[in-house]
Amino acid sequence: MPTTSKLHEPPPEAVATGVDALEQMLRYSGRGYTVVRHIFLQLPDDVTDRAGLLGPMVTDRKRRSLQIYLLLLTIWPWLQRRQAEEGPLPNKAWARALQTETGRRWSATDVSNAWGDLEQRGLITRKHLSRGVEVTPRREDGKTEYTTPGGKKKDHRESYFILPGSFWRSGLFEKLSMPGLAMLLIIAGRTSESTEAWLTNKDAAKWYHIAPRSIEAGIENLRDHGLLLERVEWVKAPLSSIGATQKHWYSLTGQFSTEARNELRAQAQKEARARSASTKAVPTVSDGDNQTSDTAAEGVTATRTLKRRRKEKSGK
């Protein structure tokens, strides 16, 4: 005869896994990929110190904070509506989504600590409610409230790059080390328009406030996971001992390549226009670099999902 406590416990096969939770978040988000402003990496040239908030997070080894912030940006279009209509996601749900079979264990306490760190850095705000804690992202430089990128023409603070959904679905967000995650973001940002980017450890350390050894370790980490292509170019250096020096050009492979990411964004824009035309719900917005906002794709999918869930709850 089962005990009373056992009667209230679901069988193991009925309990959602981390893969289930993460996949549902990505599906509800509408676009399925992550949008990050360039200012998270480096600020515009109208400020003296251009290093963004990524560098200090690498120095402080705040890997959990970085992971959960990227996930928050990914699902924000849906989460914003969810929080307004159904309340906040519990920390245990965040922990479940971020936990992989072979990665570190996540607890509700880990999630709470990460939120606290992000709040101190100005990257989120928290509102404590009776039904939980509402989390809202702030703009990637921590200076103001968050808005969907791409709303202002020719504004560096509005330009962005994307990470494909495979970053989450393959578990890469946990497989990569902290330096690896940082260099993935940096190279993805620098190749959002060009197919490859020139980079040296010394310059990268100065631009992003990340130690040269972390830059080197991050590049090696990307190589180990087959994510990086490197092209070496010899150029004249009249004052060097051999009269020449090397320039290293980096690009990402597979679904992270510039071409693949541009195709992914173009497909999302196409679907957004089609949905907007059929529902006349949310228009798309373009910035000066012809980067289209993902609002339509996000909004229509998330709204339809919430309506369906409310009908299911009411039994209609």
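Between Gln99 and Asp110, every side-chain heavy-atom pair lies at or beyond the 4.5 Å cut-off. A heavy-atom distance below 4.5 Å is not found between the side chains of Tyr69 and Lys62. Annotation: side chain of Lys270 is in contact with side chain of Arg273 (closest heavy-atom distance under 4.5 Å). Contact check for Leu118 versus Leu72: no side-chain heavy atoms found under the 4.5 Å cut-off. Contact check for Tyr250 versus Glu196: no side-chain heavy atoms found under the 4.5 Å cut-off. Side-chain contact between Ile124 and Arg138 is absent, with no heavy atoms from C-beta onward closer than 4.5 Å. At a threshold of 4.5 Å between non-hydrogen side-chain atoms, the residues Leu66 and Phe40 count as touching. In this structure, Thr74 and Met25 have side chains that are not in contact, with every pair of non-hydrogen atoms separated by 4.5 Å or more.
Looking only at distances, no side-chain donor or acceptor of Thr195 sits under 3.5 Å from a matching main-chain atom of Ser251. Side chain of Ser112 to main chain of Thr109: no donor-acceptor pair is present (N/O by atom type, distance under 3.5 Å, no hydrogens or angles). Side-chain atoms of Glu134 do not come within 3.5 Å of backbone N or O of Leu129 as any donor-acceptor pair. Of the possible polar contacts, none joining the Asn91 side chain to the Val111 backbone as a donor-acceptor pair under 3.5 Å is found. Panel note: side chain His38, backbone Gly189; a donor-acceptor pair is recorded below 3.5 Å. Thr258 places a side-chain N or O within donor-acceptor distance of the main-chain N or O of Ser194, the cut-off being under 3.5 Å. Side chain of Thr17 to main chain of Asp20: a donor-acceptor pair is present (N/O by atom type, distance under 3.5 Å, no hydrogens or angles).
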Take Val135 and Trp115 through the side-chain contact (heavy atoms from CB on, under 4.5 Å) test and state the conclusion after the steps. CA-CA 8 Å; Val135 179; Trp115 291 141; 3.7 Å; yes
Give the intermediate values and the outcome of side-chain contact (heavy atoms from CB on, under 4.5 Å) for residues Tyr160 and Thr148. CA-CA 10 Å; Tyr160 63 90; Thr148 302; over 6 Å; no
Go through Asn113 and Arg64 one step at a time and tell me if the side-chain contact (heavy atoms from CB on, under 4.5 Å) criterion holds. CA-CA 9 Å; Asn113 290 340; Arg64 291 186 192 271; over 6 Å; no
Walk me through whether Arg265 and Arg31 qualify under side-chain contact (heavy atoms from CB on, under 4.5 Å). CA-CA 9 Å; Arg265 191 166 61 187; Arg31 61 192 174 204; over 6 Å; no
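The residues Arg131 and Glu86 are annotated as not salt-bridged, no charged nitrogen and carboxylate oxygen being separated by less than 4.0 angstrom. Between Arg139 and Asp141, at least one side-chain nitrogen of the basic residue sits less than 4.0 Å from a carboxylate oxygen of the acidic one, meeting the salt-bridge criterion. A salt bridge is defined here as a Lys NZ or Arg NE, NH1 or NH2 lying under 4.0 Å from an Asp or Glu carboxylate O, and Arg223 with Glu220 meets this definition.
Note that CG of Leu227 and CD1 of Ile187 are 9.5 Å apart. Values are rounded to the nearest 0.5 Å. A distance of 11.0 Å separates OG1 of Thr191 from CZ of Phe256, quoted to the nearest 0.5 Å. Residue Glu259 holds its CD atom at 13.5 Å from CG of Leu252, rounded to the nearest 0.5 Å. Here OG of Ser107 is found 11.5 Å from CG of Leu98. Values are rounded to the nearest 0.5 Å. Here Glu140 contributes atom CD and Leu73 contributes atom CG; the two are 5.5 Å apart, rounded to the nearest 0.5 Å. In this structure, CD on Glu193 lies 10.5 Å from CZ on Arg261, to the nearest 0.5 angstrom.
Among all heavy-atom pairs drawn from Ala244 and Trp234, the shortest one is CB-CE3, 3.8 Å. When all heavy atoms of Ser29 and Leu26 are compared, the closest pair comes out as OG-O, 2.7 Å. Of all heavy-atom pairs between Ile39 and Pro44, the closest is CG2-CD, 3.9 Å. Nearest heavy atom pair, residue Pro88 against residue Gly132, reads CG-C, 3.9 Å. Residues Gln42 and Tyr208 share a closest heavy-atom pair of CB-CE2, 4.0 Å. When all heavy atoms are compared, the tightest approach of Ile210 to Ala182 is CD1-CB, 4.3 Å.
Note that Arg37 lies in the cation-pi zone of Tyr146, set by a 6.0 Å cut-off to the ring centre and a 45° limit from the axis.
More than 12 heavy atoms of other residues, nucleotides or ligands sit less than 6.0 Å from atom CZ of Arg104. Applying the 6.0 Å contact sphere to CD of Glu145 captures no more than 12 heavy atoms from other residues, nucleotides or ligands. Atom CD of Glu101 is surrounded by 12 or fewer heavy atoms from other residues, nucleotides or ligands within 6.0 Å. Annotation: Lys247, atom NZ; neighbour count of heavy atoms from other residues, nucleotides and ligands within 6.0 Å is above 12. Within a 6.0 Å sphere centred on CD of Glu216, other residues, nucleotides and ligands contribute 12 heavy atoms or fewer.
The aromatic rings of Trp207 and Trp198 sit perpendicular to each other, their planes meeting at more than 60°, with 30° as the lower class boundary.
In terms of hydrophobic clustering, with Ile, Leu, Val, Met, Phe, Trp and Tyr side chains grouped at heavy-atom distances under 4.5 Å, Trp249 and Leu184 are assigned to a common cluster.
Residues Thr100 and Glu174 have side chains that never bring a donor and an acceptor to within less than 3.5 angstrom of each other.
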